[in-house]
Each structure stands twice: as C-alpha cells, then as structure tokens.
Amino acid sequence: MTSETVIIGGGVIGLAIAIELKLRGAQVTVLCRDFQAAATHAAAGMLAPDAENIPNEAMRSLCWRSRALYPDWTRKLEELTGLNTGYWPCGILAPLFEEGRGAGEQGSRGAGEQGKLLSSAPLPLRPSASEESPAYWLNKEAIHQYQPGLGAEVVGGWWYPEDAQVDNKALAHVLWTAAESVGVELKDGITVEAFLQQQGQVIGVQTNAGIIRATHYVLASGAWSNELLPLPVLPRKGQMLSVRIPQFVPELPLKRVLFGQDIYIVPRRDRLVLGATSEDVGFIADNTPEGIQKLLQAAIRLYPQLKHYPIQEFWWGFRPATPDELPILGTSHCQNLTLATGHYRNGILLAPITAALIADLILEQKSDPLLADFHYSRFQSKPSTSTAMLTHSANFSNGHHPAISPQQPPLAIQDSPLIIAGKIFQSRLMTGTGKYRSIEEMQQSVAASDCQIVTVAVRRVQTKAPGHEGLAEALDWTKIWMLPNTAGCQTAEEAIRVARLGREMAKLLGQEDNNFVKLEVIPDLKYLLPDPIGTLQAAEQLVKEGFAVLPYINADPMLAKRLEEVGCVTVMPLASPIGSGQGLKTTANIQIIIENAGVPVVVDAGIGSPSEAAQAMELGADVLLINSAIALSPNPPAMARAMNLATVAGRLAYLAGRMPIKDYASPSSPLTGTITS
C-alpha cells in the first residue's frame with residue numbers, strides 16, 4: 001500500500017492533522033494502534049492556558065493561538081458531521097485555599113499584569129480590548145457569591161473568562177467521523193513496529209499488517225512515540241472519574257470549570273468529571289484505590305455537595321510527557337518525517353494549532369517561527385568542548401604514559417583489518433559505557449582504549465538511567481561507531497523492539513548507515529545467562545529486517561554455527577558470567593567456535609584483567625568487548641589503556657605463533673661451539 005501521507009497515531013492530534021491535510025487536497029492514511037486507548041479519551045477537555053499557569057512564553061503563545069481557533073474549528077467539524085463536540089466557552093474559576101492565597105493575590109496563576117481585582121463587584125466585568133487573555137481576582141465574598149457551594153476553606157480565586165472546555169470523548173468521535181467523511185483512510189488495529197530508513201528518508205513503516213509506504217510520514221503516537229524513535233516521550237498515567245448529577249438537583253450545579261489545587265471539576269450536561277492524577281508508572285493500567293481516593297478527597301474539599309452524588313465511571317489514560325512538559329513539533333532527522341507528539345496535558349487544547357502548523361510545514365514548507373521552540377533538537381546538547389574525544393591518552397595517576405618509541409622498526413607480520421558487516425575497523429577492542437562513576441571517567445576511558453566501537457544500552461539512554469543522562473552528547477559519534485545493545489530485554493519480542501529503537505538512535509546521532517545491534521536476550525536475572533532460543537528467534541527476525549546482528553551467547557559451538565547460518569555478522573561467546581571478572585572459564589568451547597566460525601568471534605563478558613584479555617586474543621579471537629573490568633577499576637582510564645595494549649599484544653602473539661610446549665628443559669643458548677676444557 002502507498003499513500004501520500006501516513007500519520008502514525010489516531011488520537012486527537014493525529015486525526016486533526018489528517019483532516020487538515022485532507023481538506024487541503026492531500027491523500028492521507030491514519031494508522032491507529034487502538035482508537036480507544038488514545039490519550040484523547042482520558043482527558044477532561046479543558047482548554048485552560050490561563051488556569052494552567054503555563055510559565056513558558058512560547059508554549060503560552062501556542063496555547064493562546066490554539067484556544068482562539070477553537071470556535072471556528074469545532075464549528076467546521078460539527079458542520080462536516082452533524083455532531084456536537086461539546087465546545088463550551090464557560091470560563092474557568094480557580095479557587096484558592098488559605099495556603100495558596102498569597103500567591104493567588106499576586107497574580108501568580110498566569111494573569112501577570114493583566115489580573116484585575118474584583119471584590120464583590122457585579123460580574124462579569126469585561127477587560128479592555130487590548131488585553132489578550134484577562135484574569136480577575138475574586139475575594140472570598142465575591143467568589144462564594146459567584147459560585148455557590150464552594151468549600152468553606154476557599155478564601156478567594158481567579159476567574160479566567162476566556163478559558164473554555166470541550167467534551168473530549170465527543171470530540172474524539174467527531175474527529176474520527178469527520179476524517180471518514182472527508183475521505184481520510186482510517187486503519188484501526190494497526191501497530192507500527194519500526195521505521196524503514198535509507199539515506200535520510202523514511203521509505204516505509206513495518207507494521208503488524210506488513211510494510212506500508214508513503215511520500216511523507218507524521219509521528220503522532222503520543223505516549224507510545226519512543227517505541228519507534230528514541231525521543232524523550234514517556235507515559236504519565238492519569239486517573240479520572242465522573243459522578244452523576246442526581247435528579248433531585250434542579251439544574252446544572254456548576255456553570256463553569258473549577259480548577260482547584262490538585263483537582264479540577266468539569267461540568268457536563270448530566271455529570272461532573274473529576275481529574276486527574278499524574279503518575280510516573282510507565283504503562284501500568286487500571287484505576288487504583290489510592291488514586292481515586294486522592295481525587296475524591298480533593299474534589300469534596302473544593303465542592304462539598306458532590307459527596308452525595310453517585311459515582312458513574314472510572315477510567316485512566318497515558319499522557320505523553322517530555323522532560324520539559326512541552327510538545328515536540330516540526331521536522332526530524334529524516335526529510336520526510338514530521339514530529340507531532342509529547343503534548344502532555346494540552347493535547348486537546350493544541351489540536352487545532354498543531355494541525356495548522358504541521359499542514360503548513362508539510363504542504364507549503366512554511367515553518368512558523370514558534371516551531372523552533374518545540375524542535376526535538378532541544379534535548380540534544382552540543383558535545384562539551386572541555387573534554388576532547390579520542391586524544392589517545394589516558395589520565396594516569398602519575399601523569400605519565402607508557403614509554404613507546406615512535407621509531408620502532410616495522411614488523412614483518414602484517415595483520416588484516418577487522419571487517420564486520422562490510423565495515424572496516426583497525427582496533428580490536430570494543431568498550432562499553434555503563435558502570436562508570438561519571439561521564440568524564442567514561443570519556444577518558446574510551447579515549448585511552450583507542451577503541452572504535454562503543455556499545456550503548458538503548459533502554460538506559462531512553463530512561464536516562466544514572467550515568468546515561470548525557471551519553472548521546474558525551475562521545476564524538478563521527479569517530480566512534482555506536483553499537484546499540486538490547487540490554488534489559490528478557491524476551492525476543494522486547495529485544496526486537498529495542499533493536500529498532502537503537503537503529504533510530506544511531507541515525508539521530510548522525511550514523512545514517514548504522515544498522516548494527518548487539519543482541520541480548522537475558523531472562524535469567526541472577527546469573528545473566530543469555531536465552532539461546534530467544535536469541536536465535538530474535539536474530540532471525542532482525543536479520544530479515546536488515547540489521548547487522550552481533551549476538552551475545554553462551555559459549556555454545558552449535559548455537560554459534562546456527563546464528564552464523566541465519567545471517568549474524570559475528571558471534572559473541574561469553575568467557576564467564578557478565579560482570580563477574582572470573583576470566584576465561586569457557587576456553588575449550590571458545591576454541592571450537594573460533595575454529596569453525598566464518599564470521600568474527602568477539603569474546604564478551606567475564607574478562608577481568610589485561611592478562612586474560614591477552615589470553616583470549618592468543619586463542620584467535622578477532623575482537624574483545626570489555627566494560628566492567630575497565631569501569632570498575634580504581635583508575636578506569638589507566639585500565640582502558642592496559643586493555644588496549646593487552647589486546648594488541650595478544651593479537652600479535654597469535655599471529656606470530658607461540659613456541660612448542662615441551663616436557664623437558666631446553667637451554668636458551670646452544671651448546672655447539674662452546675669452549676671446553
């Protein structure tokens with residue numbers, strides 16, 4: 001299947017962009033994993049840039065612009081479908097308790113200089129036309145007069161007349177229906193598994209229904225975005241509930257949204273919506289007693305009478321959060337891939353402006369100046385100039401380096417370069433990036449090792465695990481070849497998904513042709529022994545997808561041969577359990593693997609000293625991968641240099657050939673021609 005534009009994600013953002021593109025004449029297909037799981041369904045529909053007190057100027061401007069589009073945007077959708085979106089410019093009231101009063105009276109809820117003081121004056125008062133987004137302070141008497149039924153502890157609050165709401169569930173249904181009505185091709189139940197890239201272009205997406213191709217692609221998959229690209233978008237779970245307005249209540253008790261401290265209450269025709277928790281728990285589903293209890297306690301404190309209302313429904317969802325809680329919008333590392341994700345709490349609010357800006361960018365190559373503030377590159381700091389990479393010198397504690405004469409005569413033995421998947425490397429030592437005490441120690445050690453390949457744990461970079469926060473910026477990736485690894489994966493399916501992310505991470509760092517992956521499938525958490533069956537299954541699939549697979553395995557000659565037959569570019573037998581420093585415990589099997597391998601053999605895991613590194617190379621190994629022995633040394637840069645020299649010495653000894661082992665002594669000096677008495 002081929003389409004002009006494929007949008008990955010069927011939530012409010014993806015559908016809004018699809019409709020906008022289609023109305024401008026584009027052919028559009030939307031791929032949706034599960035329409036009901038989109039964050040759209042988990043929201044409350046508040047359009048609240050003022051009540052949210054957004055501190056970032058660019059974000060505030062983006063939200064204001066989008067809120068201004070809402071009346072015409074929803075009217076257009078309603079005309080297309082004949083359905084109601086529930087758009088209601090009801091304003092938002094932000095009551096404060098005593099503990100928040102000081103800040104509130106100073107206008108810190110976002111009103112700034114535009115805040116107006118209302119005591120018990122008649123309402124509503126209108127601001128002058130020059131003010132973009134007005135806000136009014138109401139004292140205790142005024143706020144209780146304006147909104148009867150508030151808790152006795154409310155001492156005042158802000159009134160934001162231009163904030164509004166939309167029924168998020170109704171909007172989701174309207175958007176889906178509108179997309180169908182204008183001719184957008186909607187495919188629900190389609191899971192995108194990977195981007196297929198070539199020379200800075202996406203050439204297709206791998207899905208559970210096969211490969212789908214397009215001219216242009218838009219990533220709008222919300223909290224699931226970093227399953228496809230290594231973007232810092234993570235799920236933030238929100239729990240919500242609604243209470244039904246009883247029949248004994250004569251009319252809608254709330255005429256406006258209440259935006260309280262740790263709670264909001266959104267009035268709908270027959271119910272009140274209460275939300276929302278914000279939990280950093282990954283994709284752990286379901287409501288919890290603790291979450292619901294917190295919401296109910298806060299809601300009853302703010303608006304006590306709802307404690308008598310029957311509970312109608314509980315639900316939850318996953319908001320897509322970035323580290324700065326701002327969306328990622330605009331171009332990507334691929335010319336034909338546009339990003340529209342990470343909207344966190346403001347996906348509903350930002351749908352109209354996101355659709356307009358992304359459509360302008362794709363169809364007219366017109367980039368709004370505001371997009372610069374939301375580009376993904378803001379998360380990629382420039383490499384530090386204070387730490388030079390690849391200086392080929394270690395910071396030894398005594399300040400001296402090993403004395404190696406530059407005038408050494410050339411050796412008669414010539415070694416061929418190391419070739420992995422057609423790529424040539426001079427160094428036969430690979431190193432890792434984990435377990436170091438600091439990024440600086442890791443940088444110095446990589447430089448001291450003279451390695452050309454560094455392995456990186458994709459999951460740890462994604463989650464910004466300790467020691468991995470600035471890893472992408474810490475090394476000079478124009479000189480170091482990244483070997484993404486699937487550390488932490490317990491199944492073949494996990495490893496395949498993480499391998500795809502690793503390939504995208506390498507591309508984001510400029511290694512466009514890097515399809516390498518160190519494959520680890522390790523369900524055994526005590527001994528960290530790799531799963532041979534899962535490794536073989538994952539290797540077969542990844543080879544089919546064009547990866548250069550370097551599988552980490554037990555020293556099993558039969559498995560090594562089978563992995564080579566399915567297309568792996570190396571085999572990586574362990575010398576002893578990873579991180580153990582036990583040295584070579586599998587020598588006999590490694591020798592058999594080396595003897596029978598038609599691909600490079602990388603001895604990986606367990607080497608603890610330079611003597612063991614040299615011994616592994618003397619066996620005929622092509623490469624060593626050493627991490628723990630370097631990182632856990634009291635002086636990692638010095639140990640890195642030692643491992644480099646040991647690798648070179650072991651390789652040279654292997655090429656030179658050792659002397660025969662004899663059962664008896666043989667004098668070093670010959671006896672012939674000696675002087676005798």
Side-chain angles (χ1 to χ4, degrees), residues 381-406 408 418 425-457 460-461 465-483 485 487 509 518 575 578-583 602-617 621 623-652:
S381 348
K382 294 181 180 177
S384 169
T385 54
S386 61
T387 309
M389 277 307 304
L390 295 179
T391 58
H392 304 288
S393 62
N395 291 337
F396 292 97
S397 56
N398 61 4
H400 297 290
H401 303 297
I404 302 175
S405 168
Q408 291 172 343
L418 171 66
F425 302 95
Q426 301 303 322
S427 173
R428 292 179 180 271
L429 174 63
M430 304 178 185
T431 65
T433 53
K435 302 184 180 179
Y436 287 93
R437 288 175 284 270
S438 69
I439 282 284
E440 291 72 26
E441 244 183 21
M442 183 274 292
Q443 291 173 309
Q444 294 161 7
S445 300
V446 170
S449 73
D450 274 352
C451 70
Q452 293 175 286
I453 300 175
V454 168
T455 184
V456 173
R460 294 191 185 106
V461 172
H468 293 73
E469 300 92 335
L471 188 57
E473 296 81 36
L475 299 178
D476 184 348
W477 299 109
T478 64
K479 298 175 181 176
I480 294 286
W481 189 249
M482 178 187 285
L483 176 57
N485 72 52
L509 296 175
K518 182 192 175 192
I578 192 166
S580 69
Q582 294 178 17
V602 185
V603 174
D604 181 11
I607 290 176
S609 69
S611 61
E612 293 160 358
Q615 185 184 354
M617 292 303 290
V623 197
L624 303 179
L625 175 48
I626 302 174
N627 184 186
S628 297
I630 296 173
L632 301 181
S633 165
N635 190 332
M639 183 58 74
R641 186 63 176 166
M643 290 296 186
N644 165 269
L645 296 173
T647 304
V648 172
R651 178 66 177 177
L652 193 57

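A donor-acceptor pair under 3.5 Å is absent between the side-chain atoms of Ser580 and the main chain of Gly606, judged by distance alone. Remark: side-chain polar atoms of Thr433 are paired, donor with acceptor, to backbone N or O of Thr455 under 3.5 angstrom. In this structure, Thr647 contributes its side chain and Met643 its backbone to a donor-acceptor pair below 3.5 Å.
Between the side chains of Asp476 and Thr478, at least one donor N or O lies within less than 3.5 Å of an accepting N or O.
Of all heavy-atom pairs spanning Gln426 and Gln452, the tightest one is N-OE1, 2.5 Å. Scanning both residues, Cys451 and Thr431, for their nearest heavy atoms gives SG-OG1, 3.3 Å. The two residues Asn627 and Gly434 come nearest to each other via the heavy atoms ND2-O, 3.1 Å. Closest non-hydrogen pair, Ala629 versus Met639, comes out as O-CG, 3.4 Å. Residues Pro636 and Tyr436 come closest through the heavy atom pair CB-CE2, 4.0 Å. Between Ile607 and Ala575, the closest heavy-atom pair is CG1-CB, 4.4 Å.
For Ala614, the side-chain contact (heavy atoms from CB on, under 4.5 Å) partners are Glu618, Ala646, not counting sequence neighbours. By the side chain to side chain donor-acceptor pair (under 3.5 Å) test, Ser427 pairs with no residue at all, sequence neighbours left out. Residues meeting the side-chain contact (heavy atoms from CB on, under 4.5 Å) test with Val623, sequence neighbours left out: Leu418, Met430, Val602. Residues satisfying the side-chain contact (heavy atoms from CB on, under 4.5 Å) test with Ala640, not counting sequence neighbours, are Ser445, Ala448, Ser449, Ile630.
Residues Ser438 and Gln443 form no side-chain contact, since every pair of their non-hydrogen atoms from C-beta on lies 4.5 Å or further apart. The shortest side-chain heavy-atom distance between Met442 and Leu475 falls under the 4.5 Å cut-off.
Of the options Ile453, Leu624, Val648, a side chain to side chain contact (heavy atoms under 4.5 Å, CB included) to Leu429 is made by Leu624 and by none of the others.
Distance OG/Ser633 to NZ/Lys435: 13.5 Å, rounded to 0.5 Å.
Residue pairs that meet the salt bridge (charged side-chain N to carboxylate O under 4.0 Å, His left out) test with at least one member in residues 602-612, sequence neighbours left out, are Lys518-Asp604.
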